[in-house]
Engineer: 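Below is a structure I'd like to ask you about.
Reminder, nothing fancy here: chain letters follow the sequence lines and each chain counts from 1.
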Number of protein chains: 2
Amino acid sequence: MARTQGSHSDITGPRIRAAARALFARHGYAAVSMRQIAGEVGVQAGALYNYTSDKQSLLAELMREHMDDLLAARAEVKSGQLAPLDALEGFVRFHIGFHIERPDEVFIAYMELRALEPANFAEIEALRRQYEDELEGILRRGAEAGVFEIEDAKITTLAVIAMLTGVNTWYRKGGRLSLEEVEAIYWGMVRRAVGA
Amino acid sequence: MARTQGSHSDITGPRIRAAARALFARHGYAAVSMRQIAGEVGVQAGALYNYTSDKQSLLAELMREHMDDLLAARAEVKSGQLAPLDALEGFVRFHIGFHIERPDEVFIAYMELRALEPANFAEIEALRRQYEDELEGILRRGAEAGVFEIEDAKITTLAVIAMLTGVNTWYRKGGRLSLEEVEAIYWGMVRRAVGA
DNA sequence: GTTTGATTTGAACGGGTGTTCAGTTAAGTC
DNA sequence: GACTTAACTGAACACCCGTTCAAATCAAAC
């Protein structure tokens, strides 16, 4: 056989990315083979190369797509027009809500950075920096306005993001707490941590 | 040739563990081959099997050693005799100090859990739970005594640990801040986060 | 100085790796 | 219905994987 019945790039392409995403998240980039991904899709390994130039690009594209989604979703929030405290609350709730919906993407974005070749790493890292800069801006504005009490804006930014992203290590849908409750708990901790 | 001059298990054994630790931390367990580890030590791959039964055990032993060190070091602190606020400050400073000195071990312990076979995973996870339980105990004691204001002890525990461990993602020796300054900044954030 | 035991080599094992590509078949077009 | 193009197979490529083991050599003990 060669081309299979019902085959179409609009179907196979997304299925390949979905399989790669799930497998990379569960086992790690290096531990997943192209044949495993292909097997999950129900296709031979060679067929993957109609959709990606190589394994590295497959990973890099998944990461770039995730970071683009993140920045695009965040860009819809006009936090500059809000008071620092409201802007910070918005950021905390946005971060938790967005990340909780995409556990696989988040896991890959944080765990597989070292698997990226230098050029891809620089690109993804720049996008991440861009996201962090938004939180840092909010913190600086609040500190200048005297509503936040922080020792170091840069470190507070990293500490808050580390704390928030940690949600993904334990949160499971249908668990003890609803998304709203989780957001409220973390917002309480962040608000107090910045002295507001 | 066979046995090489000056070879001795007291020397080769630690060198193998050190090489594995460094390589696993930098590239990840799955991406590192036994031949790479052997090459770093200056030995053939077969020689590694005088020191470990297989690759998986090499990883598991590194992790267990790290967790044992962590728990042993922590056991020297008698936090139960301290007031909750002092106990919490001690925990925060201990965690940062201990983790900052062992970036490779910490990286492996957090990133390679998924590379562990079920039995090894359960063992390491139990040790980690043990460590987290200590912080949770401090938080519960403080909450009952009315000196902490927290919504959920379990989640606060995980949030604080995620925040503290995040130090390892950016801290570099000889950087802008001293260990003492870093500890002070994080202690400030944690103290406020728990409402004290 | 000989013997014993510890340590390493080097080759081999079976199998898996990412990637390429000629050949084949289905889908879409006129 | 003939033709083009899109999609996929299956085999092959060169190489790397973890692990084993007889043979060789060094260190230590007597």
Engineer: Report the residue from A:Arg93, A:Glu89, A:His95 that forms a side-chain contact (heavy atoms from CB on, under 4.5 Å) with A:Glu183.
Structural biologist: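 The passing option is A:Arg93.
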Engineer: Take atom CD1 of A:Ile11 and atom P of D:dA6, then tell me their distance rounded to the nearest Å.
Structural biologist: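 To the nearest whole Å, that distance equals 17 Å.
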Engineer: Between A:Arg141 (side chain only) and A:Ala87 (backbone N and O only), is there a donor and an acceptor less than 3.5 Å apart?
Structural biologist: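 Looks like no, no N/O pair under 3.5 Å.
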Engineer: Supply the atom-to-atom distance B:Asp133 CG to B:Arg140 CZ, rounded to the nearest 0.5 angstrom.
Structural biologist: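 Spacing of CG (B:Asp133) from CZ (B:Arg140) equals 9.0 Å.
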Engineer: Among D:dC8, C:dT8, D:dA7, find the nucleotide with the atom closest to the side chain of A:Ser9.
Structural biologist: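 Nearest to the side chain of A:Ser9 among the choices is D:dA7.
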Engineer: Return the set of residues passing salt bridge (charged side-chain N to carboxylate O under 4.0 Å, His left out) with A:Arg102 (not counting sequence neighbours), or none when no residue passes.
Structural biologist: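 Salt bridge (charged side-chain N to carboxylate O under 4.0 Å, His left out) list for A:Arg102, sorted by chain: empty.
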Engineer: Tabulate protein N/O versus nucleotide N/O from nucleotides 13-19 of chain C, keeping only pairs under 3.5 Å, one per line.
Structural biologist:
residue	atom	partner	partner atom	Å
C:dT17	OP1	A:Ser33	OG	3.2
C:dG18	OP1	A:Val32	O	3.4
C:dG18	OP1	A:Met34	N	3.3
C:dG18	OP1	A:Lys55	NZ	3.3
C:dG18	OP2	A:Met34	N	2.9
C:dG18	N7	A:Arg35	NH2	2.5
C:dG18	O6	A:Arg35	NH2	3.0
C:dT19	OP2	A:Tyr49	OH	2.5
C:dT19	OP2	A:Lys55	N	2.9
C:dT19	O5'	A:Tyr49	OH	3.2

Engineer: Can you tell me whether the side chain of B:Arg3 and the base of D:dA24 have a donor-acceptor pair closer than 3.5 Å?
Structural biologist: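 By the distance-only test, no, there is no pair.
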Engineer: Grab the CG-C1' distance between B:Leu58 and D:dG18 for me, whole Å please.
Structural biologist: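 It is 12 Å, rounded to the nearest whole Å.
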Engineer: Run through B:Thr12, B:Ile37, B:Leu58 and flag the one making a side-chain contact (heavy atoms from CB on, under 4.5 Å) with B:Leu48.
Structural biologist: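 Exactly one candidate clears the test, B:Ile37.
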Engineer: Mind checking whether B:Tyr171 and B:His99 have side chains closer than 4.5 Å, heavy atoms only?
Structural biologist: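 They are not in side-chain contact.
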Engineer: To the nearest 0.5 Å, what is the distance between CG on B:Leu158 and CD on B:Glu132?
Structural biologist: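 Rounded to the nearest 0.5 Å, the CG-CD separation comes to 5.5 Å.
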Engineer: Mind calculating the distance between CD (B:Gln5) and P (C:dT8) to the nearest angstrom?
Structural biologist: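 About 13 Å, once rounded to whole Å.
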Engineer: Can you tell me the distance, in whole Å, between the CD atom of A:Gln44 and the C1' atom of C:dA26?
Structural biologist: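 Rounded to whole Å, this separation is 17 Å.
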Engineer: C:dT7, OP1 or OP2 - any side-chain N/O from B:Thr12 closer than 4.0 Å?
Structural biologist: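 No, because none of the side-chain N or O atoms of B:Thr12 sits under 4.0 Å from OP1 or OP2 of C:dT7.
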Engineer: What residues in residues 111-122 of chain A put a non-hydrogen atom under 4.0 Å from any atom of DNA chain C?
Structural biologist: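 Heavy-atom contacts with DNA chain C come from no residue of residues 111-122 of chain A; none.
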Engineer: Just how far, in rounded Å, is C1' of C:dT20 from CG of A:Leu48?
Structural biologist: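 Whole-Å distance recorded here is 13 Å.
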Engineer: Let me know the distance between CZ of B:Arg15 and P of C:dT7, rounded to the nearest Å.
Structural biologist: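 It is 15 Å, rounded to the nearest whole Å.
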Engineer: Whether B:Arg74 engages the ring of B:Phe98 as a cation-pi pair (distance to the six-membered ring centre under 6.0 angstrom, angle to the ring normal within 45°) should be assessed.
Structural biologist: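 No cation-pi geometry.
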Engineer: Would A:Glu65 and A:Arg17 count as a side-chain contact (heavy atoms from CB on, under 4.5 Å) if you check the C-alpha gap in whole Å, the side-chain angles of each, and the deciding distance to 0.1 Å?
Structural biologist: CA-CA 11 Å; A:Glu65 189 189 347; A:Arg17 282 188 289 276; 4.3 Å; yes
Engineer: Is the shortest side-chain N/O distance from B:Thr4 to OP1 or OP2 of C:dT9 below 4.0 Å?
Structural biologist: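 For B:Thr4, the contact criterion (side-chain N or O under 4.0 Å from OP1 or OP2 of C:dT9) is not met.
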